[in-house]
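Beneath this line is the structure, given in structure tokens, with notes to follow.
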Amino acid sequence: MNPTSAGVPEIFGAAQALTMSSREIAELLESRHDKVKQSIERLVARGVIVQPPMGDEQDTDAMGRKRTTSVCRLEKRDTYIVVAQMSPEFTAQLVDRWQELEAAQPAPAMLTGPQLMSAALIEAQQTLSAQAAQIEDMREDVEADERLTKADGSLNVTEAAKNLGVRPKDLFTWLSTNGWIYKRPGGNAWLGYQSKTNTGYLEHKSTTVLRADGSEKITEQVRVTAKGLSRLARLMPGVAREA
């Protein structure tokens with residue numbers, strides 16, 4: 001039998017699923033409808049497929065008399081399982097039939113009236129939200145630039161914390177947690193990671209200290225540059241973890 005002669009399946013259910021009736025499957029397989037339904041029942045009993053919805057279809061018997069037939073309505077996946085169970089050689093015809101049915105699906109309807117207005121309002125709200133986010137980003141950039149104008153050269157971490165409006169303890173914690181500064185094993189001084197000094201966010205300043213016995217000691221201090229302060233002004237407060 002030519003599969004294109006079978007009836008077009010109905011659209012039903014909340015999800016508007018495209019289905020094929022057990023009667024159409026029987027026609028494709030050139031088999032009796034009751035045999036197809038029995039195969040479906042066995043597959044349901046074994047848990048291979050779930051019980052498909054039932055419905056009534058009008059058809060005509062061999063004498064030309066109209067009659068009502070109870071049919072199962074199966075979605076695409078389950079039709080393949082049923083056909084493979086009963087007659088694998090007809091799978092190609094089933095594939096062709098599904099391609100015809102899916103190609104015949106109507107295009108989505110254009111929105112009109114209240115639906116169109118609702119969609120336009122949703123789109124406008126999304127646009128406003130995106131603009132608000134951009135404005136917030138710009139505000140943060142302006143605040144960061146204002147902080148930079150108050151900074152003169154590089155700052156120690158305590159001075160940088162004051163400039164950023166955060167507690168020095170919190171800034172030290174954030175810098176060490178996010179890979180900006182560290183301490184050598186057994187050391188007390190904070191040092192900047194090479195990656196942050198290479199990018200110009202941090203620098204080291206050496207200071208010579210005169211001991212009580214007249215000897216000199218050279219200490220090294222990590223300092224935040226103007227570029228580093230600008231970067232921190234965008235990452236903090238929050239305290240946000242740097243990506």
Side-chain angles (χ1 to χ4, degrees), residues 1-137 240-241 243:
M1 172 183 173
N2 186 341
T4 59
S5 65
V8 177
E10 296 183 27
I11 303 298
F12 76 103
Q16 296 294 298
L18 183 63
T19 64
M20 186 179 292
S21 74
S22 53
R23 184 165 64 91
E24 181 173 358
I25 294 174
E27 293 174 356
L28 286 172
L29 298 179
E30 299 180 359
S31 175
R32 286 168 42 189
H33 184 214
D34 61 334
K35 294 292 186 182
V36 174
K37 292 172 69 174
Q38 288 172 7
S39 180
I40 293 172
E41 290 171 359
R42 286 194 296 269
L43 291 169
V44 171
R46 289 162 50 194
V48 179
I49 63 175
V50 298
Q51 176 63 53
M54 302 293 293
D56 292 334
E57 284 187 358
Q58 297 290 328
D59 66 349
T60 304
D61 62 16
M63 302 297 294
R65 295 172 298 189
K66 290 186 178 181
R67 63 183 178 184
T68 300
T69 303
S70 177
V71 300
C72 302
R73 304 188 189 281
L74 296 93
E75 295 187 15
K76 188 174 184 178
R77 170 188 176 274
D78 292 349
T79 63
Y80 285 126
I81 295 173
V82 172
V83 170
Q85 175 82 7
M86 296 188 64
S87 183
E89 62 269 21
F90 280 88
T91 302
Q93 286 183 259
L94 182 66
V95 171
D96 292 340
R97 180 58 183 150
W98 270 110
Q99 289 177 343
E100 292 172 1
L101 296 175
E102 290 169 345
Q105 282 288 89
M110 297 296 291
L111 297 179
T112 58
Q115 290 180 326
L116 185 61
M117 178 62 73
S118 177
L121 289 173
I122 292 173
E123 183 177 359
Q125 183 61 43
Q126 292 174 339
T127 301
L128 290 174
S129 297
Q131 290 176 345
Q134 292 176 348
I135 292 172
E136 179 63 19
D137 289 341
R241 181 172 297 276

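Numbers here simply count residues along the sequence, with the first being 1.
Side-chain contact between L28 and M20 is present, with at least one heavy-atom pair separated by less than 4.5 Å. Looking at heavy atoms from C-beta onward, E57 lies in side-chain contact with R73 at the 4.5 angstrom threshold. Between V48 and R42 the shortest side-chain heavy-atom distance does not fall below 4.5 Å.
For the atom pair CD of Q99 and CD of E102, the computed distance is 7.5 Å after rounding to the nearest 0.5 Å. Distance check, rounded to the nearest 0.5 Å: CG of L29 to CD of Q93 gives 8.0 Å. Residue Q38 holds its CD atom at 9.5 Å from OG of S31, rounded to the nearest 0.5 Å. To the nearest 0.5 Å, atom CE of residue M86 and atom CD1 of residue I81 are 14.5 Å apart. Residue Q51 holds its CD atom at 9.0 Å from CG of L74, rounded to the nearest 0.5 Å. Summarising the geometry, atom CD1 belonging to I25 is positioned 5.5 Å from atom CD1 belonging to I40; distances are rounded to the nearest 0.5 Å.
Each of D96, T19, L18 was scored for a side chain to side chain contact (heavy atoms under 4.5 Å, CB included) with L101, with one residue passing: L18.
Of all the heavy atoms in D56 and S70, the pair that sits closest is OD1-CA, 3.8 Å. Closest non-hydrogen pair, V50 versus V44, comes out as O-CG2, 3.9 Å. Closest non-hydrogen pair, Q58 versus T68, comes out as NE2-OG1, 2.8 Å.
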Inset, instruction - List the steps and the verdict of side chain to side chain contact (heavy atoms under 4.5 Å, CB included) for V36 and R23. - result: CA-CA 8 Å; V36 174; R23 184 165 64 91; over 6 Å; no
Inset, instruction - Walk me through it: do V71 and H33 pass the test side chain to side chain contact (heavy atoms under 4.5 Å, CB included)? - result: CA-CA 9 Å; V71 300; H33 184 214; 3.6 Å; yes
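In this structure, K37 does not pair ionically with E41, as no charged nitrogen and carboxylate oxygen lie closer than 4.0 Å.
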